[in-house]
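Okay, so here's the structure we're looking at.
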Amino acid sequence: MAMELFNTLGSRVEPLSASENNTLRMYCCGPTVYDYGHIGNFRTFLHMDVLRRTARLKGFGLKHVMNITDVDDKIIRNATAANLPIGEYTAKYERAFFEDMDALRVERPEVIARATETIAEMVALIERLASEDIAYKAEDGSWYFRIARFPDYGKLSGKDLEGIEDGARVDVDEYEKDAARDFALWKAVKPGEHAWETPLGTGRPGWHIECSAMAMKHLGPSFDLHGGGEDLAFPHHENEIAQSECASHQPFARHWFHVRFLLVEGKKMSKSEGNFYTLRDLLLKGYRASAIRFLLVSVPYRHQMNFTFEGLTESANAIERLRTFARRIEAAGSNTALPEALNADLDALVNEKLTAYGAALDNDLNTAEARAAVFDVVRAANIALDNSSFGRGNIAPVQGVLQAFDAVFDVLTDRDADVSKAAVAWAKAEGRADIAPELLVAQSISDAEIEALIAERTDARKLRNFARGDAIRNELAEKGVLIEDGKAGVTWKRR
RNA sequence: GCACCGGUGGCGAAGUGGCUAACGCGCUGGUCUGCAAAACCAGUAUUCGCCGGUUCAAUCCCGGCCCGGUGCUCCA
């Protein structure tokens, strides 16, 4: 079955296809690097990651371009306030952005494009539009796009230009444009602003032209998929289409992918509501990166999701169950008592669920249904292991399901402690005081110290000195370390 | 105001014109254990926002209403 995805352009689910060598050429609007990323940003990037990982699982090659918007009004404003050159200002947040992406296990796109490194291409694009009088220069030196020249305007967002008459909302006279809806391609320099000297005049690019130029530079005038947050559909993506198609006379992106916004504790996330969280805020509260990833990815991208702290805890518990299961299957390999005979019923179920897993992802990236199939396998295999009907031949197929799961979800390997540690180091360097005490306590004990205490406890228990053993167990529990007395020995993990 | 999307158990959240309405967490019970914890198993919505309609049959289709969200205004 082919991978199907909702296409905003046309508003229906369509097969996803690559027009060149089975390599999916996709462009995704990346961050504007003026501050630390918040969880809403990361929901979008996480679902882009699900898309690319799923595409690869289905056999596509990938050429994924993501831009960094490193010049815009907010950047100029903040850099000026901080008395820094914009490049220096944005470098800090770009670095932070990629640290966060790494923490969340979001894969790097094949190409990272920066607006400030693509100015020449933007200028050339505007000049091409100007040569057909689609772009025009206003009196203040800014360049605008003449929307009247693109009859298809509105085809992505379903806007009807008839209903947005010139001057209906905006006093045209305030602008030096020919029509109120015309948007800026190039903004003339204002006093004190960072600007580029170009044949168009001295100034800086408009936001929309940046993405058109970067996408076409790396993917050509026509490519497979373009994505971003739902708010970008209009006007940003609509404007990209208008500029690009007027310049190239070819369809721009064939498939448009938009990720819906999330709510936080049932409300729109906003600073004024007090429910605005960056990834770093959550890490410092003691939540794990893997739990954040799993939660954000578990609700399909086209659904509004409600992000809650309770949900984060649940997500961490669910991951714990999966990791425990993965270890149990791994251990089964060296269990000599394991029956040789294949449990055919279990095997049939595992195969059925693997198919269901793939089908769920094919069906517009239904991550909720996909993970359900994996939990079905976990339960069935645990039952078989409990009643000794799990055969050696069942190991590989079950591991195959876990691999397929992790190829997209990527939460089975525990890297959380390192991520939290880095977040705490950053917070201390920044002088932040809002670090969860239990996080600091947990990081105050090393793995070696834990191992030593556990060894001491094991010795005490052998001598049936349970009082001492329990005291050590309690001491470790206070530092967030859980001890498990299994048949094969003692194991531990950080909570 | 106009346009679009959604409202499913304690919570998160799939899904379908008729088969027991997934899955996860939580909770309750059990297995295991020196005791625990952890782990594992089992049970846990006669019901899918409200009111009408279509249909032999609707949570799923249609209409209205209420509520939440998004866009229309360079927020992912």
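Just so you know, these numbers use all the heavy atoms, side chains as well, and skip hydrogens, waters and symmetry mates. In what follows, chains carry the letters A, B, and so on, assigned in the order in which the sequence lines appear, proteins first and then strands, with residues in each chain numbered from 1. A quick note: this is a predicted structure, and the numbers were derived from the prediction, not measured.
- Taking only distance into account, the side chain of A:E314 meets the base of B:G24 through a donor-acceptor pair shorter than 3.5 Å.
- Remark: A:N317 is in phosphate contact with B:G26, judged by side-chain N or O atoms under 4.0 Å from OP1 or OP2.
- Counting distance only, with no hydrogens placed and no angle test, the side-chain atoms of A:D485 and the base atoms of B:A36 include a donor-acceptor pair under 3.5 Å.
- Phosphate contact (OP1/OP2 of B:U70, side-chain N/O of A:K268, threshold under 4.0 Å): present.
- Contact annotation: side chain of A:R328 to base of B:A39, donor-acceptor pair absent below 3.5 Å.
- In this entry B:C61 has B:G53 as its Watson-Crick or G-U wobble partner, both defining distances falling under 3.5 Å.
- Among the heavy atoms of the strands lying under 4.0 Å from A:F261 is at least one base atom, whether or not backbone atoms are also near.
- In this structure, A:F42 forms no aromatic stack with the base of B:A76, since the conditions of centre separation below 5.5 Å and plane angle below 30° are not both met.
- The residue A:K267 sits apart from the nucleic acid: no heavy atom pair falls under 4.0 Å.
- Salt bridge present: A:R204 and A:D73 bring a charged side-chain N and a carboxylate O closer than 4.0 Å.
- You'll find a donor-acceptor pair under 3.5 Å spanning the side chain of A:D470 and the base of B:G34, going by distance alone.
- Contact annotation: A:R457 does not reach the phosphate of B:A37 (side-chain N/O to OP1 or OP2, under 4.0 Å).
- Under 3.5 Å, the side chain of A:R321 and the base of B:G24 form no donor-acceptor pair of N or O atoms.
- Under the 6.0 Å cut-off for aromatic ring centres, A:Y287 and A:F309 qualify, their centroids lying closer than that.
- Not less than 6.0 angstrom separates the ring centroid of A:F307 from the ring centroid of A:Y277.
- Across all strands shown, A:R464 has heavy atoms under 4.0 Å from sugar-phosphate atoms exclusively, and none from any base.
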For this session: Please report the C-alpha distance between A:I134 and A:F150 in whole Å, then the side-chain angles of each, then the deciding distance to 0.1 Å, and finally whether the side-chain contact (heavy atoms from CB on, under 4.5 Å) criterion is met.
Result: CA-CA 9 Å; A:I134 296 167; A:F150 187 62; over 6 Å; no
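- Where A:A372 and A:P31 meet RNA chain B, the nucleotide closest to each residue was compared, and A:A372 sits on the side nearer the 5' end.
- In this structure, B:C25 and B:G10 make a Watson-Crick or G-U wobble pair, each of the two defining distances being under 3.5 angstrom.
- Across all strands, A:L295 comes closer than 4.0 Å to no nucleic acid atom at all (heavy-atom distances).
- Residue-level contact check: A:L385 touches neither bases nor backbone, having no heavy atom under 4.0 Å from any strand.
- Across all strands, A:D376 comes closer than 4.0 Å only to sugar-phosphate atoms, never to a base (heavy-atom distances).
- Donor-acceptor pairing under 3.5 Å, judged by distance alone, is absent between the side chain of A:R260 and the base of B:C4.
- Take the nearest nucleotide of RNA chain B for A:N382 and for A:N41: the residue whose nucleotide is more 5' is A:N382.
- A:G311 comes within 4.0 angstrom of nothing in the nucleic acid, heavy atoms only.
- With hydrogens and angles ignored, no donor-acceptor pair closer than 3.5 Å exists between the side chain of A:H303 and the base of B:A13.
- Between A:F183 and A:Y144, the gap from one ring centroid to the other reaches at least 6.0 Å.
- A:V299 comes within contact range of the sugar-phosphate backbone alone, with a heavy-atom separation under 4.0 Å but no base atom that close.
- Using C1' as the reference atom, B:G24 and B:A58 are 28 Å apart when rounded to the nearest Å.
- The side chain to side chain contact (heavy atoms under 4.5 Å, CB included) test with A:L156 is passed by exactly one of A:H258, A:H236, A:H226: A:H258.
- Residue side chain A:F45 fails the stacking definition with respect to B:A76, as its ring centre and the base's six-membered ring centre are not both under 5.5 angstrom apart and under 30 degrees in plane angle.
- Counting any heavy atom pair closer than 4.0 Å across all strands shown, A:D73 reaches a base atom.
- B:U73: no Watson-Crick or G-U partner with both key distances under 3.5 Å is found in any strand.
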